[in-house]
Amino acid sequence: MVMFHLLLVCLASLTKSEETCSADSPESSCRSKYAQFDFKGWELPLALYSNQLNEVTDVEVTVKFGSLPEYLHGSLYRVGPALYSLGGERRVNNLIDGLAKLHRWSFNKETGKVRVSSKFVRSDVYNRTIAAQELPPIQYMGEIHPPLTTFEKLKILFYDPPNDNTNVAVWDLGSLGVTTTTEQPRYIDNDYITLDFLREYVPPSWDKSLFEMEFLSASHFNRHPTTDASINYKIHLPFDMGIFSGKNSLAYHFYEYETNSAGEIVTKSLGYISVPSDDLRIVHSFGVTGHYVILPRFNMFLDRKDPISIGANIYWDATRPTVFDILSLETKETLSFKFTAYEAQHIINSFEQQNSKGELEIVLDFPTRVYPVSFHEETVYDMLNIDKIKDPNWKQSEEEIRINDRARITRFILNTVTGEGRDKDFPVMWNAPKYSGIEFPTINPNFRGVPYCFTYLQVSNRDLGGAMGIIKLDLCKEESIGWEEKNKFPVEPIFVPRPDSTDEDDGVVMSPVLDSTDNSTSLYIWNAKNLEVVAIVDTPVIVPFTLHGLWFDGI
């Protein structure tokens, strides 16, 4: 049985041949240079997008295939939505609105044991849900059923605590526990082992005036490549028309986050980037290099007309440029670069380089897409509508907005001397059915903020049973390899480097994988060099779609 499974894994693992291709080569002759995905006959993974209420705490599990790398010593944490309704008729209908559940796979190299925890984040909104046995009225991104009454909306605005559903990403903010985050500058620390709630907090901003409010931050912290400091931004909005604050535009204020002597998370200002008041954009992730932070303002805009239905405020406008703002960490000076309209969410990497003239350039790579010229959606986040995702007859390719119509990797190069920017698209380095997209990039964390070659991403196709796979892109050689196994659904891959190795792809990547044939979850571990499966770890609960994760060494 094990040999049969090994055969299936080998057949599913796609490796490149030694054939080389030139710019003049016909596309068919270059197919072996790129990963192949067929995505035929897949079963829609309904369990990925359904309530998964079971919890476990520090349970020992078995390695059911292969063997663990001897150097694995630490924990993989992932967070994502896992509760959309409870008891009463109230339900949310968008992946972004599901209540947060945190998962941990812990590896001990001394004992060879693996332990698993899976628990809902004990946020205020979760606790109120359990107490009432029904979802409370909350701010939401997609849809909420039944629609909120006027009284409920007023209660949310003027009485209820802020929505603290930290279901998007995890970070090591401080040393008390694993931190769960969302697009608000409000964080929850959870115990490293049991995942129990420890504290909820909003780190203070000492440079904010009494006449400004803090609005959004990035779900994703970034790390300085040399100091390892955690960095994020907060948007400051003046509400006094500049009369007392002296500010008549909004600004993205960047901070370094650190722990004080009392164990509290505090901020240190790094500077800010001012933008026009009508130019508020969603910035989900950003770049950091040795000397700069980079704010990528793609073309997903946000107005503030509806304080309850956040998604109703989001719109795409390709008539305005994509703007990259850079902030010098030394001089606090800023510089802006304009490009044609792009949409992107997740940065791959950013680094500095010297061009042939000795001028300093900043390089940033993103998976990008292009949408129609203008639309005010029901929104792009409506593509995360649970009813649509679980409907086998719904086809993304038939929607007016096809988010995977032109998916590719784009490199942006910002010349800090001339103030000029240029962009280039890498070749589409995968052979997959139409409307297949790539997202959720990861790299070797030891190469964050420096020149690199390799990135690992999830490949998916909603129209073909929601099929998913893993791809490794070599951006230096412009080639790729991939992995897919029918009805096995991996999410964002996470890279764990081999200690003390200097080879960029020496390590493993890992992801929970749902098997839609029996609704079971296993943690898959792939060799990062060739994407061969080296181990599969049993998991005692169904792990639904998790948005983002992080590896913690030694914990």
Side-chain angles (χ1 to χ4, degrees), residues 49-53 79-101 120-168 180-188 200 202 213-217 219 235 237 239 280 282 284 300-316 375-391 394 399 401 544-545 547:
Y49 312 107
S50 303
N51 281 357
Q52 302 298 341
L53 305 182
V79 71
L83 192 156
Y84 301 92
S85 63
L86 185 66
E89 62 178 357
R90 178 85 65 198
R91 68 184 179 97
V92 290
N93 193 35
N94 192 283
L95 194 66
I96 299 298
D97 292 320
L99 298 193
K101 196 176 189 184
F120 281 96
V121 176
R122 263 46 178 189
S123 60
D124 174 79
V125 66
Y126 174 83
N127 291 335
R128 286 192 285 142
T129 297
I130 296 303
Q133 284 296 290
E134 182 179 30
L135 278 171
I138 55 172
Q139 284 180 315
Y140 57 93
M141 181 65 71
E143 295 176 353
I144 191 166
H145 303 287
L148 299 179
T149 66
T150 299
F151 174 78
E152 288 172 331
K153 292 180 180 180
L154 291 173
K155 185 171 178 291
I156 292 170
L157 289 175
F158 300 109
Y159 180 78
D160 289 343
N163 189 339
D164 58 351
N165 182 30
T166 52
N167 67 353
V168 178
T180 49
T181 74
T182 184
E183 304 287 343
Q184 297 286 349
R186 176 179 295 274
Y187 309 112
I188 294 178
E200 179 174 334
V202 178
M213 62 174 290
E214 293 177 344
F215 188 44
L216 294 175
S217 61
S219 289
I235 296 177
L237 292 171
F239 54 81
L280 179 58
I282 294 176
H284 190 62
M300 200 64 69
F301 291 83
L302 181 68
D303 59 37
R304 302 185 293 280
K305 296 177 181 177
D306 191 333
I308 305 299
S309 176
I310 305 301
N313 296 306
I314 299 171
Y315 64 100
W316 163 265
F375 66 86
H376 196 295
E377 331 160 358
E378 288 177 3
T379 66
V380 163
Y381 291 97
D382 191 47
M383 292 297 177
L384 304 177
N385 181 296
I386 296 299
D387 287 345
K388 290 184 176 181
I389 290 174
K390 296 168 72 172
D391 180 0
W394 179 72
E399 293 286 309
I401 312 308
F545 192 90
L547 293 166

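Model, not experiment: these values are computed from the prediction.
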Requested in this report: Run the numbers on Arg122 and Asn127 for side-chain contact (heavy atoms from CB on, under 4.5 Å), then give the verdict.
Outcome: CA-CA 6 Å; Arg122 263 46 178 189; Asn127 291 335; 3.8 Å; yes
Query raised in the report: Can Tyr315 and Asp303 be said to form a side-chain contact (heavy atoms from CB on, under 4.5 Å), step by step?
Result: CA-CA 8 Å; Tyr315 64 100; Asp303 59 37; 4.0 Å; yes
Query raised in the report: Please walk me through it: do Leu237 and Arg304 pass side-chain contact (heavy atoms from CB on, under 4.5 Å)?
Result: CA-CA 11 Å; Leu237 292 171; Arg304 302 185 293 280; 3.9 Å; yes
**Report entry** CA sep, side-chain torsions, deciding dist, call: Asn94, Tyr84, side-chain contact (heavy atoms from CB on, under 4.5 Å)
**Finding:** CA-CA 8 Å; Asn94 192 283; Tyr84 301 92; over 6 Å; no
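A donor-acceptor pair under 3.5 Å is formed between the side chain of Asn51 and the backbone N or O of Ser85. For the pair Gln139 (side chain) and Pro307 (backbone), a donor-acceptor distance under 3.5 Å is present. When atom types are taken as modelled, the side chain of Lys101 and the backbone of Gln52 share a donor-acceptor pair closer than 3.5 angstrom. Of the possible polar contacts, none joining the Asn167 side chain to the Thr182 backbone as a donor-acceptor pair under 3.5 Å is found. Under the 3.5 Å distance criterion, the side-chain polar atoms of Asp97 are left unmatched by any main-chain donor or acceptor of Tyr140.
Ionic pairing of Arg91 and Asp387 is present here: one or more N-O contacts between side-chain nitrogen and carboxylate oxygen are shorter than 4.0 angstrom.
Here the closest non-hydrogen pair linking Asp306 and Asn313 is O-ND2, 2.6 Å. The two residues Pro137 and Arg128 come nearest to each other via the heavy atoms O-NH1, 4.5 Å. Considering every non-hydrogen atom in both Pro136 and Val125, the closest pair reads CG-CG2, 4.0 Å. Of all the heavy atoms in Lys155 and Asp160, the pair that sits closest is NZ-OD1, 2.7 Å. Between Ile282 and Ile314, the shortest heavy-atom contact is CD1-CD1, 3.7 Å. Taking every heavy atom of both residues into account, Pro544 and Ala82 meet most closely at CG-CB, 3.7 Å.
Between Phe120 and Leu53, the closest side-chain pair of non-hydrogen atoms falls below 4.5 Å. Looking at heavy atoms from C-beta onward, Asn163 lies out of side-chain contact with Ser123 at the 4.5 angstrom threshold. With contacts defined as side-chain heavy-atom distances shorter than 4.5 Å, the pair Leu99/Val92 does not qualify. Within the 4.5 Å cutoff, the side chain of Val168 has heavy atoms near those of the His284 side chain. Annotation: side chain of Pro162 is not in contact with side chain of Gln184 (no heavy-atom distance under 4.5 Å). At least one side-chain heavy atom of Arg90 sits less than 4.5 Å from a side-chain heavy atom of Ile144.
Separation of atoms CE (Met213) and CD1 (Ile235) is listed at 10.0 Å; rounding is to 0.5 Å. A distance of 9.0 Å separates NZ of Lys390 from CG of Asn93, quoted to the nearest 0.5 Å. In this structure, Leu95 CG and Lys388 NZ are separated by 14.0 Å, a value rounded to the nearest 0.5 Å. Here CG of Leu86 is found 7.0 Å from OG1 of Thr129. Values are rounded to the nearest 0.5 Å. Annotation: the span from Leu280 atom CG to Leu302 atom CG amounts to 4.5 Å, rounded to 0.5 Å. Taken from CD1 in Ile308 to CD1 in Ile156, the straight-line distance is 4.5 Å, to the nearest 0.5 Å.
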